[in-house]
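Take a look at the structure below.
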Amino acid sequence: GYLKAVFITNNNKRLQFLIIRHGKLEIILDNIKRIRDKIHSTIKAHENEMINKIKIPFYIYSGKILQSYQQGLGIFVSINPNNNNVNFITGKKSTHNIVHHLSSGQLAVVSIAFCLSLNKVYNSTPNFKFLAIDDPIQTMDDLNIHTFIELIRHEFSDYQIIMSTHDDFSSKYMKYKFDKFNIKTKIQNVQKLFFHNNSPDLQDMSPKTDI
């Protein structure tokens with residue numbers, strides 16, 4: 001009887017110890033959940049604030065460049081309330097992602113419009129405004145190229161901009177459009193510069209015509 005009583009007493013002590021620890025763990029888990037929910041809501045609020053700030057310039061920029069887009073002018077941007085993902089859709093009341101509606105060239109234009117919107121709204125270096133875009137007109141048709149250049153020279157005339165292109169005519173056309181606004185421009189043949197700054201053997205292989 002004595003041993004049984006000691007055994008029961010020890011088991012009760014262990015049970016009470018585990019109950020106390022379980023209670024402490026529940027308190028910790030509740031605190032973690034509150035912190036997680038707070039962080040999640042803060043991130044969601046920040047994303048909503050960011051989207052609300054850029055949605056108007058993004059809509060305008062995408063609409064200006066995508067002049068030939070057959071389903072309307074501009075692309076809408078919103079946040080999916082279910083998974084908190086940023087969605088680009090073809091209409092204000094549509095739930096269809098642009099991936100299913102636009103060509104690869106039009107998707108590239110949307111990416112450029114989004115990049116320009118971010119730079120316009122969240123320019124963190126007011127004393128050094130700089131943009132570098134790798135071959136933005138590669139997949140554009142003539143109308144999109146024209147409207148893209150018009151957008152750049154009106155909205156980003158105070159930026160230092162570097163744009164690459166393999167198209168000789170397009171580079172000269174861009175220079176002509178910027179020169180008309182008295183914006184200082186210069187065309188550089190990168191391939192020729194590369195060969196010129198390397199060995200004499202490579203210089204003999206360099207292109208003979210300037211862009």
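The figures that follow rest on heavy atoms only: side chains count, while hydrogens, waters and symmetry mates do not.
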- Task: Indicate yes or no: at least one non-hydrogen side-chain atom of Y122 is less than 4.5 angstrom from one of K53.
- Result: yes
- Relative to the ring of Y173, is the ring of F169 parallel (under 30°), tilted (30 to 60°) or perpendicular (over 60°)? parallel
- Message: For a quick test of reading the model, state the closest non-hydrogen atom pair linking T147 to K64 and the distance between them.
- Response: CB-O, 3.0 Å
- Message: Within this structure, what is the NZ-CE distance for the pair K55 and M50, rounded to the nearest 0.5 Å?
- Response: 11.5 Å
- Message: Any non-hydrogen side-chain atom of Y176 less than 4.5 Å from a side-chain atom of K172?
- Response: no
- Message: Between T185 (side chain only) and F178 (backbone N and O only), is there a donor and an acceptor less than 3.5 Å apart?
- Response: no
- Identify the heavy atoms of I187 and S171 that sit nearest to each other, and give their distance. CD1-O, 3.8 Å
- Task: Kindly assign one of parallel, tilted or perpendicular to the pair F88 and F114, based on the angle between their ring planes and the thresholds 30° and 60°.
- Result: perpendicular
- Message: Measuring only between side-chain heavy atoms, which start at C-beta, is Y61 closer than 4.5 Å to I112?
- Response: no
- Drop me the distance from M140's CE to D135's CG, to the nearest 0.5 angstrom. 9.5 Å
- Query: Under 30°, 30 to 60°, or over 60°: which ring-plane class applies to F181 and H154, parallel, tilted or perpendicular?
  - Reply: perpendicular
- Does I75 share a hydrophobic cluster with V121, counting links as ILVMFWY side-chain heavy atoms below 4.5 Å and allowing steps through other members? yes
- Do the non-hydrogen side-chain atoms of L131 and L116 ever get within less than 4.5 Å of each other? yes
- Could you tell me the separation between the CZ atom of R153 and the CE atom of M174, rounded to the nearest 0.5 Å? 13.0 Å
- In this structure, CD1 of I32 is separated from CD1 of I27 (nearest 0.5 Å) by 12.0 Å
- Non-hydrogen side-chain atoms of I51 and F58 separated by less than 4.5 Å: no
- Query: Do you reckon I162 sits in the same ILVMFWY cluster as L193, going by side-chain contacts under 4.5 Å, direct or chained?
  - Reply: no
- If we only count heavy atoms from C-beta on, is the F148 to V109 side-chain gap below 4.5 Å? no
- Between D30 and R34, is there a side-chain N and carboxylate O pair less than 4.0 Å apart? no
- Given I60 and L151, is the side chain to side chain contact (heavy atoms under 4.5 Å, CB included) satisfied, shown in steps? CA-CA 10 Å; I60 294 173; L151 173 64; 5.9 Å; no
- Message: So H146 and D142, do their side chains get closer than 4.5 Å, heavy atoms only?
- Response: no
- Approximate separation, where rounding is to 0.5 Å, of I98 CD1 and L107 CG: 5.0 Å
- I would like to know whether E49 and N52 meet side chain to side chain contact (heavy atoms under 4.5 Å, CB included); could you show each step before the answer? CA-CA 5 Å; E49 180 184 2; N52 285 331; 5.7 Å; no
- Inspect the surroundings of CZ in F130 and state if more than 12 heavy atoms from other residues, nucleotides or ligands are less than 6.0 Å away. yes
- Query: About how many Å separate CG of D37 and NZ of K44, when rounded to the nearest 0.5 Å?
  - Reply: 11.5 Å
- Message: For a 4.5 angstrom cut-off between non-hydrogen side-chain atoms, does V190 reach S164?
- Response: no
